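Quick notes on the structure that follows.
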Amino acid sequence: MDIKSLNDRQKNAVLTIGGPMLVFAGAGSGKTRVLTYKIAYLIQEIGMLPENILAVTFTNKAAQEMKSRVHDLVDVDLSGITIGTFHSIGAMILRKEIGRLGWDSNFTIYDQTDSKSLVKNIIKDLNLDLKMYDPKSTLIKISIAKNSMQSFETLIKSSKNIHEEKIAQIYKEYEQNLKGNNCLDFDDLLVKPLDLFNQFPEVLNKYQNKFKYILVDEYQDTNKPQFEFIKLLSELHKDVFAVGDDDQSIYGWRGADISNILNFQNTYADSKIVKLEENYRSTQNILEAAWSVVSRNQNRADKKLWTKNDTGDKIRLIDAFNEKDEALRIIKDISEIKKNKDVSYDDILILYRTNAQSRAIEDAFIKNGILYNVVGGVKFYDRKEVKDLLAYLKLINNPKDTISFDRIVNFPARGIGKTSLDKIHKKIDSSDNLIECILDLKDLGVGKKQTKSINEFCNSINFYKKRFDNESISIVVKDLIDEMKIREFYKNQNTSESEERWLNIEECITGIVEYENSNENPQLSEYLEEVSLFTDLDSINEQHDKVTMMTIHASKGLEFDYVFIAGLEKGLFPIERIFEEENLEEERRLFYVAMTRAQKKVVLSYARSRRRFGGEPIPTTKSRFIQEIPENLIDNFMASNQDFISNNSFNDFEFDLKTGNIVYHKIFGKGKVERIDGSGSKAKITILFFNNTRKKLIYKYANLEIIE
DNA sequence: CTAAGTCACCTTTTT
DNA sequence: GGTGACTTAG
């Protein structure tokens, strides 16, 4: 390893050993290098064993990458090192220790959908009104309570009205049901290890001794349980190395507490602080523009990035008619960029505030034949068909899992409807082994057909459970899919949608095979855990010649030459929501994160009107962030800085349509533009459609899509 | 009980 | 414009 390639401050951060240290690492300041060099240095120069090192990263992929980068620096066996996300590390500890809290080690991890189903069942069981106690918002309340480490007991005591009391009661039932089902939710993966540490000092002591050096990435985004976790584990050796940037704290809504990083020195006595302020990534203009926005925040540590890089291009601004036009203008800019330089599509990143914005952009990309890759949105493992298959595996792995049982007991349909299922639930206790319990019962109180059907189902589950013990996962899963006739189920529907669903099942099998190939001792329970903690961010790969699109949250830590930030409109970015206090400072940080992903150029865009939920277009106003950037940093800043004059200004809109263009119309199909009369949105377009009909259409209403 | 059809709500952001 | 929950006819 070559320490010389580090700058002085980076060197200081890497070489200072002993005692707590916080590194303020601005965007693009080489923070990942510092972390990897530090680990390498600990192993090679200090002689620390890999198993005594704990490194916490933000995504599983970042963990893998860190491991391989450390491996590039020091050639030792790193299999003993613990690198992972808070959630995966929590899960790892719990698999070993949770017996003490009364769970089995093969516990299932519930995702949000599963948790929501459980909450809903509880609300129904308590005879509460689902409108007054909406499962989704109730789950959010429970999650907030768990993440602020409030038990249901304290919540019941402190409740001020019946509603709050009932919520606390749902919370209580929820916790008891999770335990009865031998399940944990995402929050438990953070909170339960703390329960263990607090109730069983010998467990805490074991891990304190194991983890002699603790490194935490993205420290600004830690929440209360995560903060406690690190604090408890580091109490013995006091060797915490936290890296973060308060300006990039963007997970406040998930309970992340920016004061964890701002108060680091109060938490950890005698801690040292290093600030990395030299940026190696972006141009001066990009940094200046990003800083001019984020520096308006009150609650931040004073600092400013600088760079030896060029001034670079100014920030470009796209003023679009609507979201479709925005997408087209982005494409136009991309082809401009591609024309002038030796640029590939995979140097380009498109960012937006909400996943829903991707649709309009995707549509335009498809029509123009540009390949792209969307990160996030509907996640693979959240798809219905994939969840159904996984529910089989979850139930086989943990026969107490009521939610998975309910999900598949009648999928594909085997004659056990709601009435029968309700009756069965009355006969068995939810904390029992459901399968054994049903097989033991002589009389389930349901019809003959139903009894036969459910017994067959339970026998199958048991049969496959045994097979999983000594056969390869993928082979057994394929047989399971055959026997349950899942393929037939989708093939029989014979729609493009069902076809796609089946393809997703196949992709899932491929994923299982991949898991088997990359693990020495593949286990069903381990596979399920991996899948539960997998996120779309983990699948970001260098795409060959594809444009990448994602939310700004997902882009943290990435860098691209050209970055487009779409939808800079009031209410959308910074986002506003009724009933929720404004969090302008966090939105500014989000904007800062977005800008600082770019190495060469940033293009901002907004649309003067935008459809939401596929409804009517709604006029918009420019985002305040555009005004917060000094005019001289923006390429084509409009002379008048006021908001759009009125909706009538749409009449002045210029479109790209020319005679000879091939266009697509929803009803008439494809056609060729023969003639254009007038200009702007009221222009009359004469089109000869491919079915040989000629139509004269008003541009504004025709909704034409230009194909070529 | 099943399957197809209608309705309501939705959108911040993610482990 | 898409999903999941509820309704209604076989």
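A quick note: this is a predicted structure, and the numbers were derived from the prediction, not measured. By convention in this document, chain letters (A, B, ...) are assigned in the order of the sequence lines, proteins followed by strands, and residues within each chain are numbered from 1.
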If you look only at distance, which donor and acceptor atoms sit under 3.5 Å apart when one is on a side chain in residues 122-131 of chain A and the other is two or more places apart or in another chain?
residue	atom	partner	partner atom	Å
A:Asp129	OD1	A:Lys131	N	3.0

Check your understanding: Can you pull the salt bridge (charged side-chain N to carboxylate O under 4.0 Å, His left out) pairs that have at least one residue in residues 402-417 of chain A, sequence neighbours excluded?
Key ->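 Listed by first then second residue: A:Asp388-A:Arg407.
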Review point. Tell me, which pairs form a salt bridge (charged side-chain N to carboxylate O under 4.0 Å, His left out) where one or both residues lie in residues 132-147 of chain A, sequence neighbours left out?
Key: A:Lys146-A:Glu175, A:Lys146-A:Asp185, A:Lys146-A:Asp188
**Study point:** DNA chain B contacts made by residues 356-366 of chain A, counting heavy atoms under 4.0 Å
**Key:**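 Under 4.0 Å from DNA chain B: A:Ala356.
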**Study point:** Pair of N/O donor and acceptor under 3.5 Å linking B:dT13 base with A:Glu586 side chain
**Key:** no
By the 4.0 Å heavy-atom rule, please label [X] as base, sugar-phosphate, or nothing.
| X | value |
| --- | --- |
| A:Asp111 | nothing |
| A:Arg414 | sugar-phosphate |
| A:Asn355 | sugar-phosphate |
| A:Ser420 | sugar-phosphate |
| A:Lys120 | sugar-phosphate |

Practice item. Would you kindly check if the NZ (Lys) or CZ (Arg) of A:Arg95 is within the cone defined by 45 degrees around the ring axis of A:Phe107 and under 6.0 Å from the six-membered ring centre? Key: yes
Review point. How far, in whole Å, is B:dT13 from C:dG4 if one measures between their P atoms?
Key: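 Approximately 16 Å lies between the P atom of C:dG4 and that of B:dT13.
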Review point. Taking only residues two or more places apart in sequence or in another chain, which ones pass ring pair (Phe, Tyr, Trp, His ring centres under 6.0 Å) with A:Tyr219?
Key: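 Partners of A:Tyr219 under the ring pair (Phe, Tyr, Trp, His ring centres under 6.0 Å) test: A:Phe264.
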Check your understanding: With sequence neighbours excluded, what pairs up with A:Glu500 under the salt bridge (charged side-chain N to carboxylate O under 4.0 Å, His left out) test?
Key ->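 Partners of A:Glu500 by the salt bridge (charged side-chain N to carboxylate O under 4.0 Å, His left out) criterion come out as none, since no residue qualifies.
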